2 protein chains.
Amino acid sequence: MGGMATAERKAQPARVDATRNRERIIAAAREAFVEHGPSVPLDAIAHRAGVGNATLYRHFADRNELVHVVASYSLARITEQADSALAEEPDAFEALRRFVHRAADERVGALCSLLYDGFDKNDANVVDARVRLEAAVTRLMDNARESGQLRPDVGIGDLMVAITQLTRPLAGTACAHVERYMHRHLQLFLDGLRAPARSELSGTAVTFEDFEPDRI
Amino acid sequence: MGGMATAERKAQPARVDATRNRERIIAAAREAFVEHGPSVPLDAIAHRAGVGNATLYRHFADRNELVHVVASYSLARITEQADSALAEEPDAFEALRRFVHRAADERVGALCSLLYDGFDKNDANVVDARVRLEAAVTRLMDNARESGQLRPDVGIGDLMVAITQLTRPLAGTACAHVERYMHRHLQLFLDGLRAPARSELSGTAVTFEDFEPDRI
DNA sequence: CGGGAAACGGGGAAAAGATCTCCGTTTCAC
DNA sequence: GTGAAACGGAGATCTTTTCCCCGTTTCCCG
């Protein structure tokens, strides 16, 4: 359901202005979601993209479809960052550090807020992308742990949740420039992740499964 | 403006059920703000408090008044935590640590999100409470810094923003139980705050003033 | 170039959602 | 027991968002 508009587009060559507008809308949507949350008015997204609202509705059947596309885009880009960090950084902890900061720039925090009510988490694309991301980040952490630089009592969930939270837009209205603080705080968090551990943590390492209580 | 409902109440003895409902509403509002943000429907707050919506409107002239009361309450309680940590903990870093975790339990994160558009930041009560909080936390940090346990390149703003962000409800719908992770992540962050610093931070220490660009 | 199909934008109707009031009923205090 | 105050729920009103309609513009291809 709802995937029609996309399918139709791919069937025909499509006009250049149409595809350009589509990209613009996606970019605008990403920004708008980051700034105002997942229920930002679609008209606002259209306005930000510099197109009429009818154009948005022409490209995306409903909010759901738009959200899915944006989420897939972002997931893919973050996974790329994880992969390239794995491939290019010789030092294990440095690779992890690089990934964290790059992921922050992609605004994972905002992405996570897209997992709203009507979101189909079992969409093939999304599931695939998430699995790939999980695999890459797990390797980043395993490497760092094995090299003795990452404290052993933290899980992938600890890292992902912290990134998510620290990269979200600040609550207060005006100060939307989290960027100023984001990287500082991520860096402090990363310093806390280093081995040897400077304190004992409550509870147990957070895993990916912890986020899906309703798993088969 | 808007303080009438409260004033009137205090003038007369007031009925016990009325004051009880008032407390219930404030508590419900705090929870609702924490969970759904500052623009949660007032009817939803009334429902959560187990009272009719009319009762809410009878006690609070408008959303603004309710927000102010909730904010003042929370600020006061957090300040208490800072003061008691200062008074009771002999070790400077331990005092800081204790304050951070207690503040988290009070959900500072949610409180911060109350600083929405219509909020009067210059309200005497609020300003006073904020100044007192700032003073207390500054002392906590100064003590820890002077004892050589806190890295010198972090400011009060760094700490407050991080607490705020890490204690906010998770973006996704279901997983509203941040509590499970919150304290772990705060602890990791605190470990990153310890001296000696394990890395260099970008930018400069964040102060309180950084949040008010429109200061006289 | 020029014709025709597709895409566009803006305005506004329809729907959804939130606010707040009215009023009959219940609860408290004396 | 009685009067005054507080209560709850229903719904009118106002705001916000969605989405459609249709006249105009832009692109593609011959």
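Here is how names work: the chains are called A, B, and so on, in the same order as the sequence lines, proteins then strands, and each is numbered from 1. Heavy-atom basis, side chains included; hydrogens, waters and symmetry copies ignored. Just so we're clear, the structure is a prediction, and the values are computed from it rather than from any experiment.
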So, does the side chain of A/Arg58 form a donor-acceptor pair with the base of C/dA7 at under 3.5 Å?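 Answer is no: no donor-acceptor pair is held.
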Can a donor-acceptor pair under 3.5 Å be found between the side-chain atoms of A/Arg15 and the base atoms of D/dT26?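 Yes, a donor-acceptor pair under 3.5 Å.
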Figure out the [atom1]/[atom2] separation between [X] and [N], and round it to whole Å.
{"X": "B/Leu42", "N": "D/dC14", "atom1": "CG", "atom2": "C1'", "result": "15 Å"}
{"X": "B/Arg22", "N": "D/dA5", "atom1": "CZ", "atom2": "P", "result": "18 Å"}
{"X": "A/Asp43", "N": "D/dT15", "atom1": "CG", "atom2": "C1'", "result": "15 Å"}
{"X": "A/Arg24", "N": "C/dG9", "atom1": "CZ", "atom2": "C1'", "result": "14 Å"}
{"X": "B/His47", "N": "D/dG9", "atom1": "NE2", "atom2": "C1'", "result": "13 Å"}
{"X": "B/Tyr57", "N": "C/dA18", "atom1": "OH", "atom2": "P", "result": "11 Å"}

Min side-chain heavy-atom separation A/Ser202-B/Arg184 under 4.5 Å: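 Yes - at least one pair of side-chain heavy atoms lies under 4.5 Å apart.
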Working to the nearest 0.5 angstrom, can you tell me the gap between B/Leu166 CG and B/His183 NE2?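 Answer rounded to 0.5 Å: 11.5 Å.
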Between A/Arg20 and B/Ala54, which is nearer to the 5' end of DNA chain D once each is assigned its nearest nucleotide?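 On the 5' side of the pair lies B/Ala54.
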Indicate whether OP1 or OP2 belonging to C/dA7 is found under 4.0 Å from a side-chain N or O atom of A/Thr55.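 No, A/Thr55 has no side-chain N/O under 4.0 Å of OP1/OP2 on C/dA7.
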Determine the contact category for A/Asp17: base if any of its heavy atoms lies under 4.0 Å from a base atom, sugar-phosphate if only primed atoms, P, OP1 or OP2 are that close, otherwise nothing.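 Sugar-phosphate, no base atom in range.
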Answer yes or no: is there a donor N or O on one side and an acceptor on the other, between the side chain of A/Thr19 and the main chain of A/Val16, under 3.5 Å?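 Present.
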